[in-house]
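Lettering of chains follows the sequences in order, A, B, ..., and the numbering in each one begins at 1.
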2 protein chains.
Amino acid sequence: MVIKLTERKSHILHLVIKEYIKNGNPVSSKLLCEKYKPGYSSATIRNDLATLEKKGYLTHPYTSAGRIPTDEGYRYYIKDLMEIQRLTHEEERRIKNEFNNQMIELDKVMHQTSKMLAMVSECSGFTMAPNLTESLVEYIELTKIGTNKLLVLMVTEEGLVKHRIIQCSEDLTQIKIKQISKIINKRLHGKKISEVKKNILNILETEKYEQELIFNIAQDLTNELFNLVDENNFFFEESPNFLGNVDIDEETYELVKQKEVMHNILENVKNTKQGVKILIGNDSPLKNCSLITSAYKLGENSVGVLGIIGPKRMKYSKMVSLVDYISKMFDK
Amino acid sequence: MVIKLTERKSHILHLVIKEYIKNGNPVSSKLLCEKYKPGYSSATIRNDLATLEKKGYLTHPYTSAGRIPTDEGYRYYIKDLMEIQRLTHEEERRIKNEFNNQMIELDKVMHQTSKMLAMVSECSGFTMAPNLTESLVEYIELTKIGTNKLLVLMVTEEGLVKHRIIQCSEDLTQIKIKQISKIINKRLHGKKISEVKKNILNILETEKYEQELIFNIAQDLTNELFNLVDENNFFFEESPNFLGNVDIDEETYELVKQKEVMHNILENVKNTKQGVKILIGNDSPLKNCSLITSAYKLGENSVGVLGIIGPKRMKYSKMVSLVDYISKMFDK
DNA sequence: TCTTAGCACTTAACTGCTTTGAGTGCTAAA
DNA sequence: TTTAGCACTCAAAGCAGTTAAGTGCTAAGA
């Protein structure tokens, strides 16, 4: 399926795409000639451009306009032409800094990471939290923080922290809370969250001490914590000038905001490949955008996806490094 | 300074502003005449418009365009003409709902509130957290959540919760943590946060038990918790179509994002007046916007500010209710 | 004195026409 | 295979004329 290109044509395609990514204007034979002095006349280049168009890598918006890359063109570029551009030390430093602080609480990590991606890419960053339902409960801490109010804190085997505040029907004493906490931990430690979700009552069943009380709290826990493990698991952040400067249309924007859409796209990515994966134009329902994504691992079993959404003419060479670098930070 | 207007002129000013807020087009004598049938001809209204312009309440962008309100016009409107429009029951219900859940953790509350304001106003909402440095420490909970990692949770006298994860130099046993926690609580309970910030070492001084260890943790606590009480205290959220639909320019947008700018504006508001306060155009450095703000109280001494930033032609009558209602929810 | 009809005047917005120039594709010669 | 040259295309910019939505002013009527 992939058609071989001569050295020169390949080079010209490279130049067109680089130029277009940089300036966003259709690029003409004359410009290439003058700016890059390839040692051939504009006419020759014109011929090459024409063949590149015939092969499907370029197109032009109207007769007398310069060329712009097609989706296929971008794909060829990414596969065969692009030299990956490493992050600068400054950028790596900034990222590392962010990661050194506070990075245990799941929601915070995700949020921070998305922001990071958005900032460095200057378009938009997202993070889909790993599905924790197959993770094991390390322990659960109950702390009273007011009448009828408990702070529940769960730590998973991977060391991730999730917390919620729950409202109890009864006002419990510190001592009782401690007792209950002990019992719950004894029973839930090492269990899969998915299992806990389904079976919490059974798991706690045989305990005789304050059975009813424990059941009530268990119910609250399920509602407020275990059932919410999956919720809020898509974080999206954009750089200030993303929508303003850049050619993303409203429609696409709406799509991004719909969690299910993104979920589908990313679930796909997660299951197909290791490392950085790039979706261009029609590859995803976000037809006018490209996505640069990578799966990441937290501990053994928890896999999430993170990445960048931006215009097709984004700096792939740099963005690949960025996404790769950050996803590797997670794997530690 | 305030110039009296005749009944009719006043009425016409009212109509112009209402109409302009609604549709955003300069409003003409003819339109007023046809739409509102005031019982006078367009010529009469034209005369009135001319006087209203002379007095500084209206202007027009070019010779043959209709009138639009000046800042002064809006101010007059707000002071003398506007009828406040209550929130619908539906809206009140939605707001109450949000507030019933989870509303103890300071950062979450602020974030949620800003979102709420943005959503209902359809422009943008912000919340500046109260300065907690004068609040009293209720208690502090230390929980081990991994090697060298402690979760610190502080509850203030008002029942607000702030938490952080801190990295300790030593890996402490559960038991030691409990002992230390007891000591710290005994000493810090009821103290002002500002005092704790300055004097933590002195406050804990006389304890003989594991003096050095406690000092280390105290240092971490100060760095990670007490010193950060004031940080991150401005939350800003915008409705999806805020920047797109609405006539806010880039410059202003940049200003909003600068915390110090907003801080100054709001610090001012906080100190001058109770209840809802409105800043129009030049009243604040955000020249092309209006702000509707209100101070709110959390407990006895903690005062914060929340509100809306939007275009000058926003629905003041409704927004005032919104800001007022939400700020009163805080006061409980 | 207040109101109003009427008219001259201003101006943005649109329309249609022409010109310009950047770019292509094709041809024919080196 | 390369290139110079030329005809052709089309967006964009400029220009003139028209329209319509306004205003301000005047003079007459209540």
Side-chain angles (χ1 to χ4, degrees), chain A residues 3-13 15-70 73 247 313, chain B residues 3-13 15-70 73 247 313:
Chain A
I3 305 133
K4 257 280 172 74
L5 294 176
T6 66
E7 184 84 17
R8 192 182 66 215
K9 291 200 178 66
S10 174
H11 183 221
I12 286 178
L13 179 58
L15 291 180
V16 170
I17 294 183
K18 276 210 301 204
E19 183 63 27
Y20 184 69
I21 285 177
K22 200 165 185 189
N23 299 316
N25 305 324
V27 352
S28 73
S29 54
K30 195 178 150 214
L31 181 113
L32 286 178
C33 228
E34 286 172 359
K35 193 158 170 184
Y36 298 99
K37 315 228 183 274
Y40 294 95
S41 78
S42 72
T44 308
I45 293 179
R46 212 140 56 230
N47 288 332
D48 289 349
L49 291 176
T51 38
L52 286 168
E53 179 157 359
K54 248 177 239 143
K55 304 212 176 190
Y57 298 128
L58 296 176
T59 184
H60 54 214
Y62 53 88
T63 336
S64 73
R67 298 307 206 291
I68 61 177
T70 60
D247 25 42
R313 50 172 284 267
Chain B
I3 306 132
K4 257 278 171 69
L5 294 177
T6 66
E7 185 83 18
R8 191 182 67 215
K9 290 200 178 67
S10 174
H11 181 63
I12 285 177
L13 178 57
L15 291 180
V16 171
I17 294 182
K18 276 210 300 203
E19 183 61 28
Y20 184 69
I21 285 176
K22 201 165 183 188
N23 299 316
N25 305 324
V27 353
S28 72
S29 54
K30 195 179 150 213
L31 181 113
L32 287 177
C33 229
E34 285 172 358
K35 193 157 171 185
Y36 297 101
K37 314 228 184 277
Y40 293 95
S41 77
S42 72
T44 308
I45 293 180
R46 211 141 56 231
N47 288 333
D48 289 349
L49 291 175
T51 38
L52 286 168
E53 178 156 358
K54 246 177 241 146
K55 304 213 174 189
Y57 297 128
L58 296 176
T59 184
H60 55 215
Y62 55 87
T63 336
S64 75
R67 298 307 205 289
I68 63 177
T70 61
D247 26 44
R313 52 173 283 267

**For atom CD1 of A:I45 and atom C1' of C:dG23, their distance in whole Å** = 14 Å
**Asked** Got a sec, which residues hit side-chain contact (heavy atoms from CB on, under 4.5 Å) with A:S64, two or more places apart in sequence or on another chain?
**Response** A:Y62
**Item:** With sequence neighbours excluded, residues passing salt bridge (charged side-chain N to carboxylate O under 4.0 Å, His left out) with A:K9
**Value:** A:D48
**Prompt:** Could you give the CG-to-P distance, from B:L49 to C:dT4, as a whole number of Å?
**Reply:** 14 Å
**Non-neighbouring partners of B:A50 that pass side-chain contact (heavy atoms from CB on, under 4.5 Å), sequence neighbours left out** = B:R67
**Helix axis bend for the helix from C:dT1-D:dA30 to C:dA30-D:dT1 - C1'-based end axes, five pairs, 10° rounding** = 20°
**Closest heavy-atom pair and its distance - B:I17, B:G73** = CD1-O, 3.5 Å
**Message:** If I take atom NZ in residue B:K54 and atom C1' in nucleotide D:dT23, what distance separates them, rounded to the nearest angstrom?
**Reply:** 13 Å
**Request:** Using whole Å, report how far CZ of A:R67 lies from P of C:dG23.
**Result:** 12 Å
Tabulate protein N/O versus nucleotide N/O from nucleotides 28-30 of chain D, keeping only pairs under 3.5 Å, one per line.
none

**Asked** Counting only side-chain N and O atoms of B:T63, is one of them less than 4.0 Å from OP1 or OP2 of C:dT10?
**Response** no
**Message:** Taking the side chain as everything from C-beta on, heavy atoms only, tell me whether A:I45 gets closer than 4.5 Å to A:P38.
**Reply:** yes
**Fill in**
Sequence neighbours excluded, the answer for side chain to side chain donor-acceptor pair (under 3.5 Å) partners of B:S42 is B:R46
**Item:** Atom-pair distance (NZ on B:K9; P on C:dC2), nearest Å
**Value:** 8 Å
**Message:** Output the rounded distance in Å from CD (A:E19) to C1' (C:dG23).
**Reply:** 15 Å
**Fill in**
Residues at least two apart in sequence or cross-chain that pass salt bridge (charged side-chain N to carboxylate O under 4.0 Å, His left out) with B:K30, listed by chain then number, are none
**Request:** Sugar-phosphate means primed atoms, P, OP1 and OP2; the rest is base. With that split, encode nucleotides 12-21 of chain C 5' to 3' as B, S or - using protein heavy atoms under 4.0 Å.
**Result:** S---------
**Item:** Atom-pair distance (CG on B:N25; P on D:dG22), nearest Å
**Value:** 9 Å
**Residues forming a side-chain contact (heavy atoms from CB on, under 4.5 Å) with B:S41, sequence neighbours excluded** = B:A43, B:T44
Pull out every protein N or O sitting under 3.5 Å from an N or O of nucleotides 3-6 of chain D, one pair per line with the distance.
unit_1, atom_1, unit_2, atom_2, d
D:dT3, OP2, A:S41, N, 3.2
D:dT3, OP2, A:T44, OG1, 2.5
D:dG5, O6, A:R46, NH2, 3.3

**Asked** In whole angstroms, how far is the C1' atom of C:dT4 from the NZ atom of B:K30?
**Response** 17 Å
**Message:** Looking at every heavy atom in both B:R313 and B:Y20, which two are closest together, and how far apart are they?
**Reply:** NE-O, 3.1 Å
**Request:** Assess whether atom NE2 of A:H11 is packed by more than 12 heavy atoms of other residues, nucleotides or ligands within 6.0 Å.
**Result:** no
**Prompt:** Can you list the residues that meet the side chain to side chain donor-acceptor pair (under 3.5 Å) rule with B:K35, with sequence neighbours excluded?
**Reply:** B:E19
**Request:** Just jot down the side-chain contact (heavy atoms from CB on, under 4.5 Å) partners of B:T59, sequence neighbours excluded, or say none.
**Result:** B:E53, B:I68, B:T70
**Request:** Might you work through the side chain to side chain contact (heavy atoms under 4.5 Å, CB included) test for A:V16 and A:L49, ending with a clear yes or no?
**Result:** CA-CA 9 Å; A:V16 170; A:L49 291 176; 3.8 Å; yes
**Item:** Shortest non-hydrogen contact between B:K37 and B:E34, atoms and distance
**Value:** NZ-O, 3.2 Å
